[in-house]
Structures are given as C-alpha cells and as structure tokens.
Amino acid sequence: MSTNRTFTMLKPDALESGQAGNIIQMILDAGFSIKAMKYTRLSEDQAKKFYEVHAERPFYGELVEYMTSGPIIAAILEKENAVADFRTLIGATNPADAAEGTIRKKYAESLAKNAVHGSDSDDNAKIEGEFHFSAAEIF
Ligand code: IDP
Ligand code: MG
C-alpha cells in the first residue's frame, strides 16, 4: 500500500547555486506538503550509510565526497502517489536526459551534481525519512 510520503534532499549544488527556494516552490506548486524539513550537513559516515546500496558502484566515493561537500535540505513530503509523482517532478538522474519542466532539467548541473534526491519506493521513503528525522520531528 502506498504511504503517500516520500523523502527528498536538496543536494549541495542546489544550495550552493542559491536555487533552494525555487526548488521548494516547485515542490509545493506540484501539490506536495512538507511533513518534516531540516537544513543540515551530512557527515562522511551518514553519507556512506545513506548511499550504501551504491557501495560497489564506481562513483560511490565521488558521491559521498559530493554529498558531504556542503549543507543540504532534507525533507519528508506528502501527496497522493508521492514516490512516483516526485520522481516524475525531479526527472531523470542525468539532467541531460531529464524532461522539460523537471527540477533536474532546470537546476541540475551534471549526472553527479543533480540537485535533488527522491526516494525510489515506499519502503525506501520510510527508511530514508527515519534516517534523517526522529518521530518528534515528523508531522
Ligand atoms: P537517482 O538519484 O535518480 O535515484 P541513483 O542511480 O540512485 O539515481 O544514483 C544516486 C546518485 O548517485 C545520483 O542521484 C547521482 O547524484 C549519483 N550518480 C548516479 N550515477 C552516477 C554516475 O554515473 N557518476 C556520478 N554520479 C552518479
Ligand atoms: Mg536512487
């Protein structure tokens, strides 16, 4: 059953380029509501753990280095069909392949520095949300 929630991070490049406000506005305009949000910076251990599924991939080291390179904004979002609709809103992993009007098409710099994270399943949305937020921080 769908939980109607997903988890996102605005990645260091999005904050560095000053686009966080515009990206959050796009998320709200698409009908998502914010159930948790924080401005933080991942430690190396946190980034390694968060992206553990990619540990064997050649880009893992680069990914961890990038995700710890500056602050991020983490959030839990709610909307009907949240996981799939948010993946549609952010667009393909590589901004070169992302559809017009998607967040990555508009704001991502490259395949590595692609502005936003979006959970890929309801199960991962719950795991990732709980990785970043305690129960008292989720509304
Ligand atoms: P997703 O974020 O669209 O779900 P994943 O395949 O789960 O994409 O990859 C996680 C993140 O790892 C991507 O968002 C991107 O930042 C980075 N990444 C993915 N593939 C590459 C690559 O080939 N080179 C460098 N970084 C990559
Ligand atoms: Mg992914």
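Just follow the structure's listing: the first ligand is 1, and inside any ligand the first atom is 1. FYI, the numbering just counts along the sequence from 1. Computed over heavy atoms, backbone and side chain alike; hydrogens, waters and symmetry mates excluded.
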Colleague: Looking only at distances, can you tell me whether any N or O atom of Asn114, backbone or side chain, sits closer than 3.5 Å to an N or O atom of ligand 1?
Modeller: yes
Colleague: If you measure from atom 21 (C) of ligand 1 to every heavy atom of Tyr66, Tyr60, Phe59, which option wins on shortest distance?
Modeller: Phe59
Colleague: Under 4.0 Å from a heavy atom of His54: give me the atoms of ligand 1 that qualify, with their elements.
Modeller: 5 (P), 6 (O), 7 (O), 9 (O), 10 (C)
Colleague: Below 4.0 angstrom from a heavy atom of Arg87, which ligand 1 atoms are there? Numbered from 1 as shown, please.
Modeller: 1 (P), 3 (O), 4 (O)
Colleague: Using heavy atoms and a threshold below 4.0 Å, how should the contact between Thr93 and ligand 1 be classified: side chain, backbone, both, or neither?
Modeller: both
Colleague: How far is atom 11 (C) of ligand 1 from its nearest protein heavy atom, and which residue and atom is that?
Modeller: Leu63 CD1, 4.0 Å
Colleague: What's the shortest distance from atom 16 (O) of ligand 1 to any protein heavy atom, and which residue and atom give it?
Modeller: Ala112 O, 2.8 Å
Colleague: Between the side chain of Arg104 and the main-chain N/O of Val116, is any donor-acceptor distance below 3.5 Å?
Modeller: yes
Colleague: Assign the ring pair Phe50 / His117 to parallel, tilted or perpendicular, where the plane angle (0 to 90°) is split at 30° and 60°.
Modeller: perpendicular
Colleague: Quick one: which of Lys113, Arg104, Met67 has a heavy atom closest to atom 2 (O) of ligand 1?
Modeller: Arg104
Colleague: Do Ile27 and Ile103 have side-chain heavy atoms sitting under 4.5 Å apart?
Modeller: yes
Colleague: Just heavy atoms, cut-off under 4.0 Å: does His117 contact ligand 1 by side chain, backbone, both, or neither?
Modeller: neither
Colleague: Check for a donor-acceptor pair, side chain of Thr102 on one end and backbone N or O of Leu89 on the other, with a separation under 3.5 Å.
Modeller: no
Colleague: For Ile72, which of Asp13, Thr40, Leu10 qualifies under side-chain contact (heavy atoms from CB on, under 4.5 Å)?
Modeller: Thr40
Colleague: Taking 4.0 Å as the limit for heavy-atom contacts, which would you say applies to Met9 with ligand 1: side chain only, backbone only, both, or neither?
Modeller: neither
Colleague: Judged by atom type as modelled, is there a donor-acceptor pair below 3.5 Å linking the side chain of Glu62 to the main-chain atoms of Phe59?
Modeller: no
Colleague: Is it true that, when you exclude Lys105 itself, more than 12 heavy atoms of the residues, nucleotides or ligands shown sit nearer than 6.0 Å to its NZ?
Modeller: yes
Colleague: A side-chain contact here means heavy atoms from C-beta on lying under 4.5 Å apart; do Met9 and Met67 qualify?
Modeller: yes
Colleague: Just going by heavy-atom distances, which of Leu111, Asp13, Ile90 is nearest to atom 22 (C) of ligand 1?
Modeller: Leu111
